[in-house]
Amino acid sequence: MIRVAILGATGSIGRSALEIVRRHPDLFTVEVLTGHRNVELLRDQVAEFRPAVAVLTDGDVDLPADGGSSRWFSGREAILDAVTRPDVDVVLNALVGAAGLEPTLAALGEGKRLALANKESLVAGGDLVLEAARVGGGELVPIDSEHSAILQCLEGGTPESVHRLILTASGGPFRGRTRNELAKVGPADALRHPTWDMGAKITIDSATLANKALEVIEAHHLYGLSYDRIDAVIHPQSIIHSMVEFVDGSVLSQMGFPTMELPILYALTYPQRVADDALRTFDPVRASPLTFEPIDHEAFPLFRLGVSAGARGGAAAAVYNAGNEVAVQAFLKESIGFLEMCEVIEVALDRLGGHPVRGLADVLEVDREARILTAEAVRDGGRSKAGVGTSP
Ligand code: NAD
Ligand code: MG
């Protein structure tokens, strides 16, 4: 039995993970479930999966009176206790945003396998996360479909044999639109993703391609390649989940119809593969055609901004990530337009991007300051009106 803690059980990835657990009762038991505010859903999940511990991270939400046989806790700190429990083998981190960083560090520091969907923790605290895994003996296995694809392509290969990673991107709902056309799009348009059904934040990130920048940074930390050896290409069908080019020119890819259940199952059982009838559906004819396009950097500047923040090192990626979280919320509330998301993040990057990072306290501080600066820029109506130059 693999004993699992699912952080963010009430979200899109969390619910998919529970679907996997539901189909494989002989393989998995659930020890911990966490949600943020959705008490009703978490209570239903707890009633079905009977974890030892249930956590509601938003301390303002009342715990349910009828919590069943599980022990209920509230607040952010409770997650850190839950992930380090001795009865947990695998921590599946499906929280959204940099809120996932401390649970990531705690799980790896305690020597757990971390099945990581929460890419923001690796973007904000990459070096710290790798250090926590090294010191604590934890194991980092990605759930992100691109990184799961790369992991699968790398099976049996040596690090020296890898020349380049090629991440695929669906292109999101605005693929093919010009920068001018994007000036007028709103949240309802951006939330309509063509191939993936996901939480709101990553859906907006997919529309701006910030998600692909976060994934390039994630790949850099996971696979140790320099940024000039990690490329991204638009692949609208989302059938090829990523590719690895080897030194001899051979290219391997991993394919399948888009479902997050496959990379979730693989992260839980890696390096084993487990039979799952529900996932064996591939049909190359039905998947055809497979096409590829370059990224339009003028229309989607958040991709390049994010990759350059990653390559800059220090605090820049954490600033980009925090600024992006604030910008996405502001866009969802219609406080700023689609293109202004890039402008307000640049304000924070200009001011804080050069800061060094020596430890967790620095990351948390720079994350806090970046949120304040980005929120100010949102109030000021973007970069141009904030008096720090004009947008590109
Ligand atoms: P979601 O919004 O559907 O779910 C997020 C979960 O985190 C919910 O359970 C929510 O209650 C909880 N949460 C929200 N804010 C929190 C906070 N401040 N503290 C603690 N818990 C909080 O998001 P999702 O789509 O499931 O994505 C989760 C993570 O997985 C993200 O990092 C995303 O980038 C990544 N991811 C998602 C997909 C996908 O298909 N949905 C694919 C690849 C990677
Ligand atoms: Mg992905």
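Basis for what follows: all heavy atoms, side chains included, without hydrogens, waters or symmetry-related copies. Order of appearance sets the numbers: ligands from 1, and atoms from 1 within every ligand.
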Test log, rule ring-ring contact (aromatic ring centres under 6.0 Å, His included), inputs Phe292 and His235: CA-CA 5 Å; Phe292 302 93; His235 167 49; 4.7 Å; yes
Working for side-chain hydrogen bond (donor to acceptor under 3.5 Å, both in side chains), residues Ser170 and His193: CA-CA 9 Å; Ser170 71; His193 196 280; 3.2 Å; yes
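Under the 3.5 Å distance criterion, the side-chain polar atoms of Arg50 are left unmatched by any main-chain donor or acceptor of Glu31.
For Arg37, the salt bridge (charged side-chain N to carboxylate O under 4.0 Å, His left out) test picks out Asp58, with sequence neighbours left out.
The aromatic rings of Tyr223 and His147 lie parallel to each other, their planes meeting at an angle below 30°, with 60° marking the opposite boundary.
Within Asp144, the N, O or S atom at minimum distance from the Mg ion (ligand 2) carries the name OD1. The Mg ion (ligand 2) sits nearest to atom OE1 when only the N, O or S atoms of Glu146 are considered. If you look at Glu215 and ask which of its N, O or S atoms sits nearest the Mg ion (ligand 2), the answer is OE2.
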Do any side-chain atoms of residues 354-362 form donor-acceptor pairs under 3.5 angstrom with protein atoms, and if so which ones, sequence neighbours left out?
from, atom 1, to, atom 2, distance (Å)
Arg358, NE, Asp362, OD2, 3.4
Asp362, OD2, Arg358, N, 2.7

Show me, pair by pair, the donor-acceptor contacts under 3.5 angstrom made by side chains of residues 295-308, not counting sequence neighbours?
from, atom 1, to, atom 2, distance (Å)
Asp296, OD1, Glu298, N, 3.0
Asp296, OD1, Ala299, N, 3.1
Ser308, OG, Arg304, O, 3.1
Ser308, OG, Leu305, O, 3.0

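Annotation: ligand 1 has protein neighbours Gly8, Ala9, Thr10, Gly11, Ser12, Ile13, His36, Thr57, Ala94, Leu95, Val96, Ala99, Ala117, Asn118, Lys119, Glu120, Asp144, Met198, Gly199, Ile202, Met260, each with a heavy atom less than 4.0 angstrom from the ligand.
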